[in-house]
Enquirer: 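Next up is a structure, given as structure tokens.
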Amino acid sequence: MRLTPTQMAWRAAQDIEDGAYVNLGIGQPEMVARFQPPGRQAIFHTENGILGFGEAPEPGAEDWDLINAGKKAVTLKPGTAFFHHADSFAMVRGGHLDVAILGAYEVAENGDLANWSTGPKGVPAVGGAMDLVHGAKRVAVMMDHVTKDGKPKLLSRCSLPLTGVGCVTRVYSSLAVVDIEGGHFVLREKVPGLSFDELQAMTGAPLHTDGPVADLIAPEL
Amino acid sequence: MRLTPTQMAWRAAQDIEDGAYVNLGIGQPEMVARFQPPGRQAIFHTENGILGFGEAPEPGAEDWDLINAGKKAVTLKPGTAFFHHADSFAMVRGGHLDVAILGAYEVAENGDLANWSTGPKGVPAVGGAMDLVHGAKRVAVMMDHVTKDGKPKLLSRCSLPLTGVGCVTRVYSSLAVVDIEGGHFVLREKVPGLSFDELQAMTGAPLHTDGPVADLIAPEL
Amino acid sequence: MDKTLPDLATAVAGIEDGMSVMIGGFGGSGAPIELIHALIDRFLATGHPKNLTVINNNAGNGHVGLAALIEQGLVAKLICSFPRSSDPVVFTEAYKAGSVALELVPQGTLAERIRAGGAGIPAFYTPTSYGTLLAEGKPVEEFDGRFYVQERWLKADYALVKAHRGDTLGNLTYRMAARNFGPLMCMAAARAIVQVSELVQPGAIDPEAVITPGIFVQGVVEVPDPAQEEALNRANAHHPEVPA
Amino acid sequence: MDKTLPDLATAVAGIEDGMSVMIGGFGGSGAPIELIHALIDRFLATGHPKNLTVINNNAGNGHVGLAALIEQGLVAKLICSFPRSSDPVVFTEAYKAGSVALELVPQGTLAERIRAGGAGIPAFYTPTSYGTLLAEGKPVEEFDGRFYVQERWLKADYALVKAHRGDTLGNLTYRMAARNFGPLMCMAAARAIVQVSELVQPGAIDPEAVITPGIFVQGVVEVPDPAQEEALNRANAHHPEVPA
């Protein structure tokens, strides 16, 4: 009754249009690439200078000059292009990407995102996240609806250091699909069997609706 | 007893070191490339995206995709590279050129240069001159010492709209080689037979010396 | 995901009155003559588009390409660095008559402003033009003891660009110094329309050799054996042709 | 005009205490392992250079390359975007012990600051990091109704870069995604020293395929069959080698 990360990735993939230019955050969002609906083909961008790369190679066939932002080996496809980092982030910052799908620690109802720092202890690392949230035409988050100890990750305001201000427009969570519109969470889909009130109790800010809430159903994957 | 433009170009070429990256302004300065001293080879840059190009092709052999900033046909040489305009001016503005040799209407003793506009009438055109004067490590001017009607072109202050402030360090004129140091014209060479006072009379600001003034002698060309 | 356009008329069909249009090329090299002429033909047939703001390094030469675009009356304003050429009569007369406005921009600043538009950089500082008429009215700031002028990004509704090879995804290569402003204009325009001398399938261009990745391109139209502006001018060509 | 350097020791000989050194690579791809190891060898033999400020996207992995440079004590400060890796122990311990300072920069801002350093742009505005901790203390300005952070150029005394083919004039090509920061760092360093897998004569590289024109390169040293950081780490390599 909650989506696995793989199922969240499947759900996020359903919203990607044919021909879209897409950046997938390192980690779980990378799985989105596996679930492109039939007849649609997105073109994937990675910060380290590849557009239009293919899936992971067979183990043992890796070329370590051909990796993605998560330092995992990828492959060439017809139409791949290489470029340097300034051109790569010109694509990002210049608004040329259609979609970025990122992981998150917290998302707020005003669209703020926190996904780079859990606070002053530990080694901070930001990578390309702060660029992506201000560049892609649509910035979506894919994450569990609550933390491992059950605390909401959708909040009225983020408590952790921000990655970007007012940048997220849709969250694919393990329990729901939530849009961010006009400073509010708007519930679009929820897993069947979970009531609105139960979902609200696991959400740190009011859930609004402005139409029917669909069932969030993903195939077994 | 005055140098022709070709001889001025020859003189300017004597100061270009082996391996220097050089941009030559359109028009008369382009001739500098013909007179590289034996054993030295400069690498020429043109604003429109070529480094290391060669001389003009035979008439009839022009390729109009292979032109210099003056829209004249050039040729390839081993080691030529092509690039776009932003990279080309990164070379200029970023201080990667060793020398730029430009034409001028006026040069002032404070190093100011006027070479793009003769005033409000006519069509203004600036091209790459304003970038070159703030980019190249050494900005030199090659010009007649006086205007066609005998007025000085080396002045205490420019009267025409400026191309750049305090940017010129050496002038190769038809009568002299003049350095600009500490806000003064310092005479290095003058054509033989012309006295210091005669030269001073054709110069719009005091000529200083800080050592012997050599004879400016160019071969017949 | 096929960005191929069927013909030149379709390629320029979306350009509307008052739009800004970047046009590639430095002098004649890289000038997308066939796209420009298709735009003129549309204007002569329909009266549109007009009042265009055109961004190009120059202002045209002779009576073809950009010069013809001005001569036929489509252009209200030109942003360029060097409005002189071997035969600049069309622009010169339009400018003196006040029918075309001119924004003169140093060449490197023009290139960097266009790149900034494509790269999401709204403003940057450059030493270029400091202390000159062309810096008037612009913010000046001191960095490390030297003065710099603040310049703004430059974007456009359309770019018309000439490339050499292009695949159906919009990956492009250029030919020699015809590269010039093309890659930058593709980045900075909402819709970059590119005429390519050879249209190929994805995979035909070495991924290392791609100069403009397809993400910057919205439409590709094949124009084999494109005209060279310089050659047209040496033949005293006009567009549209002058009746004999 | 031949920029060829005879060996790795000569290539890194000019780097002095306290200098800033840009090091190419994104993770292991493009990491100039041999140049870095030559620098370590020099330090172990002479005690110099030390107190380096290193600019790289990451902070090393395992005990080779950049991680070894930190582990052996040459680095006083690191400017990077992502100091994590599959085996980040060397940097993590040095950072927690306070022996290495960290300036964390968003990756696109890091790339653009380096490009700006190479292109003579002392400052630019970016939306990246607006409203975050990483924008603290930086000027903010509004353009067209949106807020942007002012970022400064980044230059260095040296760049150590790995390329694929290079000619004796310094014209370079790269191999796939190993290109990453290399072309930018060559622009931004006073002296860019490049290890190439294959050194060729001028003319051997297609002028259209040159990614870094030689004007940005001061020295080239041939290192055939260069090590891949990822492969070294999978073999648990250390530099210098740990006595058995």
Side-chain angles (χ1 to χ4, degrees), chain B residues 26 46-51 53 62-76 80-95 112-114 116-117 119-135 158 160-167, chain C residues 26-30 57-59 61 80-86 88 91-92 95-96 102 104-112 114-116 118-119 126-135 146-148 164 174-185 187 211-212 228-231 234:
Chain B
I26 67 177
T46 181
E47 292 94 309
N48 54 313
I50 323 178
L51 192 69
F53 57 91
E62 299 91 350
D63 183 324
W64 298 112
D65 284 342
L66 187 60
I67 60 175
N68 66 13
K71 279 88 174 180
K72 298 193 192 75
V74 297
T75 49
L76 294 175
T80 299
F82 298 117
F83 35 86
H84 61 51
H85 250 84
D87 282 349
S88 182
F89 281 88
M91 294 176 191
V92 173
R93 206 192 299 105
D112 288 1
L113 170 67
W116 72 280
S117 168
K121 62 182 174 181
V123 178
V126 64
M130 284 193 185
D131 305 279
L132 284 162
V133 296
H134 287 300
C158 291
L160 293 170
L162 294 186
T163 305
V165 172
C167 51
Chain C
F26 179 90
S29 66
N57 186 66
N58 301 96
N61 194 6
C80 80
S81 92
F82 201 78
R84 285 188 203 142
S85 66
S86 59
F91 173 76
T92 304
Y95 175 73
K96 292 192 171 173
L102 172 66
L104 192 72
V105 181
Q107 193 172 138
T109 298
L110 182 65
E112 191 67 13
I114 297 169
R115 179 190 176 273
T126 174
T128 301
S129 91
Y130 171 71
T132 77
L133 282 177
L134 297 188
R146 196 172 164 194
F147 291 97
Y148 296 87
H164 183 50
Y174 298 83
R175 187 166 179 275
M176 301 198 283
R179 189 183 302 188
N180 57 70
F181 285 90
L184 311 174
M185 290 179 170
M187 296 168 69
I211 301 300
T212 293
Q228 281 284 4
E229 185 184 280
E230 182 73 22
R234 284 172 183 238

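The chains referred to below are lettered A, B, ... by the order of the sequence lines, with proteins before strands, and numbering in each begins at 1.
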Enquirer: Could you state the interatomic distance from CH2 (B:W116) to OG (C:S129), rounded to the nearest 0.5 Å?
Expert: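 So the gap between those two atoms works out to 9.5 Å.
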Enquirer: Identify which of C:A59, C:A111, C:A177, C:G131 forms the greatest number of heavy-atom pairs closer than 4.5 Å to chain B.
Expert: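 With the most close heavy-atom pairs to chain B, the winner is C:A177.
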Enquirer: Can we call the ring centroids of B:H85 and C:F26 under 6.0 Å apart?
Expert: yes
Enquirer: Can you say whether B:I50 sits under 4.5 Å from chain C via the side chain, the backbone, both, or neither, judging by heavy atoms?
Expert: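 B:I50 touches chain C through side-chain heavy atoms alone.
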Enquirer: Less than 4.5 Å to any heavy atom of chain C: does that hold for the side chain of B:L113, its backbone, both, or neither?
Expert: neither
Enquirer: Just give me the residue among B:A69, B:S117, B:G122, B:G70 that pairs up with chain C most often, heavy atom to heavy atom, under 4.5 Å.
Expert: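 Sorted descending by pairs with chain C, the first entry is B:A69.
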Enquirer: Give, for atom NE2 of C:H164 and atom CG of B:D65, the distance between the pair rounded to the nearest 0.5 Å.
Expert: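 Spacing of NE2 (C:H164) from CG (B:D65) equals 9.0 Å.
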Enquirer: Using side-chain heavy atoms (C-beta onward) and a distance below 4.5 Å, is C:Y130 in contact with B:C167?
Expert: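 Answer no - side chains too far apart.
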Enquirer: Which residue out of C:L110, C:T92, C:T128, C:I114 racks up the most heavy-atom pairs below 4.5 Å with chain B?
Expert: C:T128
Enquirer: What distance separates C:E229 CD from B:K71 NZ, expressed to the nearest 0.5 Å?
Expert: 9.5 Å
Enquirer: So which part of B:T163 gets closer than 4.5 Å to some heavy atom of chain C, the side chain, the backbone, both or neither?
Expert: backbone
Enquirer: Report which part of C:P183 has an atom under 4.5 Å of a heavy atom belonging to chain B: side chain, backbone, both, or neither.
Expert: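 Contact with chain B involves the side chain of C:P183 alone.
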Enquirer: Among the options C:S81, C:A178, C:P88, pick out the one with the most heavy-atom pairs lying under 4.5 Å from chain B.
Expert: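 So the answer, after comparing C:S81, C:A178, C:P88, is C:S81.
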Enquirer: Using heavy-atom distances under 4.5 Å, tell me whether C:L102 contacts chain B through its side chain, its backbone, both, or neither.
Expert: side chain
Enquirer: Taking every non-hydrogen pair under 4.5 Å, which of B:L132, B:V165, B:D131 racks up the most with chain C?
Expert: B:D131
Enquirer: For the atom pair CE (B:M130) and CG (C:L133), what is the distance rounded to the nearest 0.5 Å?
Expert: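 If I round to the nearest 0.5 Å, the distance is 7.0 Å.
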Enquirer: Give, as side chain, backbone, both or neither, the part of B:V92 having an atom under 4.5 angstrom from any heavy atom of chain C.
Expert: neither
Enquirer: Below 4.5 Å from any heavy atom of chain B, which atoms of C:T109 appear? Answer side chain, backbone, both or neither.
Expert: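 Both backbone and side chain of C:T109 come within 4.5 Å of chain B.
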Enquirer: What option among B:V123, B:D87, B:V74 has the most heavy-atom pairs under 4.5 Å with chain C?
Expert: B:V123
Enquirer: In Å, rounded to the nearest 0.5 Å, how long is the span from CD of C:E230 to NZ of B:K72?
Expert: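 Here the interatomic distance stands at 11.5 Å.
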Enquirer: Please report the shortest heavy-atom distance between B:P124 and C:P83, naming the atom on each side.
Expert: O-CG, 3.1 Å
Enquirer: Nearest heavy-atom pair of C:G108 and B:R93: which atoms, and what distance?
Expert: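 Heavy-atom minimum between the residues: O-NH2, 3.1 Å.
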Enquirer: Pick one of side chain, backbone, both or neither for B:F89, based on which atoms fall under 4.5 Å of a heavy atom in chain C.
Expert: side chain
Enquirer: Locate the shortest heavy-atom distance separating B:H134 from C:P127; write the atom from each residue and the value.
Expert: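 Looking at all heavy atoms of both residues, the closest pair is CD2-O, 3.2 Å.
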Enquirer: Check whether B:N68 gets within reach of chain C through its side chain, its backbone, both or neither, counting any heavy atom under 4.5 Å.
Expert: backbone
Enquirer: Can you tell me which portion of C:R115 sits under 4.5 Å from chain B's heavy atoms? Options are side chain, backbone, both or neither.
Expert: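 Side chain only.
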Enquirer: Can you find a pair of side-chain heavy atoms, one from B:E47 and one from C:F82, that are under 4.5 Å apart?
Expert: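 The answer is no; the side chains never approach within 4.5 Å.
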Enquirer: Using every non-hydrogen atom in the two residues, find where B:I67 and C:S29 come nearest and quote the distance to one decimal.
Expert: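 Where B:I67 meets C:S29 most closely, the heavy atoms are CD1-OG, 3.6 Å.
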Enquirer: Between B:H84 and C:M187, does the side-chain contact (heavy atoms from CB on, under 4.5 Å) criterion hold? Intermediate values first, please.
Expert: CA-CA 12 Å; B:H84 61 51; C:M187 296 168 69; over 6 Å; no
Enquirer: Which answer fits C:F91, side chain, backbone, both or neither, if we ask what part of it has an atom under 4.5 Å from a heavy atom of chain B?
Expert: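 Just the side chain, heavy atoms under 4.5 Å.
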Enquirer: Please identify, among B:G49, B:G127, B:G164, the residue contributing the most non-hydrogen atom pairs under 4.5 Å to chain C.
Expert: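 Top count of heavy-atom pairs under 4.5 Å with chain C: B:G127.
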Enquirer: Is chain B contacted by the side chain of C:N58, its backbone, both, or neither, given a heavy-atom distance below 4.5 Å?
Expert: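 Only the side chain of C:N58 comes within 4.5 Å of chain B.
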Enquirer: Does any backbone or side-chain atom of B:A90 lie under 4.5 Å from a heavy atom of chain C? Answer side chain, backbone, both or neither.
Expert: neither
Enquirer: Say you draw a straight line from CE of C:M176 to CG of B:N48; how long is it, rounded to the nearest 0.5 Å?
Expert: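 Result: 11.5 Å between the selected atoms.
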Enquirer: When only pairs under 4.5 Å are counted, which of B:A114, B:G135, B:G128 shares the most heavy-atom pairs with chain C?
Expert: B:G128
